Amino acid sequence: MANSEHVNKLRGDLNDWNEWRKDNPETRPDLRSAPLEGADLVNANLSGANLRDADLNGAALRSVNFNEANLAFADLTKAKGLTVE
């Protein structure tokens, strides 16, 4: 299960989330099975996050940093703005 503190931070203000990530680079967010359907995550720093089995159905994911993130079995159905480079 996801770390509820991490999920609540991510669902809050994204500027606060990104600042927290910047201040805590050693922390790998645990968002396993997180209910993030429809979330606006545009520009979120999710590098190194564990998003295994996370529900990102319909989430706005434009310009999200997924560097070294675990997206195994994550539901990306109807995700918006997701591009692969």
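Small disclaimer: the values here were computed from a predicted structure and weren't measured. Both backbone and side-chain heavy atoms feed into the values below; hydrogens, waters and symmetry mates do not.
- Criterion: ILVMFWY side-chain heavy atoms under 4.5 Å apart, direct or through other members. Under it, Leu82 and Leu31 are part of a common hydrophobic cluster.
- Nearest heavy-atom pair, Pro35 versus Arg11, reported as atom, atom and distance to 0.1 Å: O-NH2, 2.7 Å.
- Judged by distance alone, the side chain of Arg28 and the main-chain N or O of Gly48 form a donor-acceptor pair under 3.5 Å.
- Nearest approach of Leu14 to Val42, heavy atoms of both residues: CD1-O, 3.4 Å.
- Rounding to the nearest 0.5 angstrom, the gap separating the CG atom in Asp23 from the CG atom in Asn18 is 11.0 Å.
- Remark: Leu46 CG to Asn67 CG distance equals 11.0 Å, nearest 0.5 Å.
- Using a distance-only test at 3.5 Å, with no hydrogens or angles considered, no donor-acceptor pair links the side chain of Lys80 to the main chain of Arg62.
- In this structure, Leu10 and Leu41 have side chains that are in contact, with non-hydrogen atoms separated by less than 4.5 Å.
- A distance of 8.5 Å separates OG in Ser33 from CG in Asn50, rounded to the nearest 0.5 Å.
- Counting heavy atoms from C-beta on, the side chains of Asn15 and Glu19 never come closer than 4.5 Å.
- Taken to the nearest 0.5 Å, the CG atom of Asn24 stands 8.0 Å off from the NZ atom of Lys9.
- Closest approach of Ala79 to Leu61, counting heavy atoms only: CB-CD1, 3.6 Å.
- Ring geometry for Trp20 against His6 counts as tilted: the plane angle lies between 30° and 60°, on a 0 to 90° scale.
- The closest side-chain heavy-atom distance from Asp53 to Arg32 is not below 4.5 Å.
- For the atom pair CZ (Arg52) and CG (Leu71), the distance works out to 11.0 Å, reported to the nearest 0.5 Å.
- Shortest non-hydrogen contact noted between Leu51 and Ala74 is O-CB, 3.7 Å.
- Side chain of Trp17 to main chain of Asn45: a donor-acceptor pair is present (N/O by atom type, distance under 3.5 Å, no hydrogens or angles).
- Panel note: side chain Arg21, backbone Pro29; no donor-acceptor pair is recorded below 3.5 Å.
- Here the CG atom belonging to Asp30 is positioned 11.5 Å from the OG1 atom belonging to Thr27, to the nearest 0.5 angstrom.
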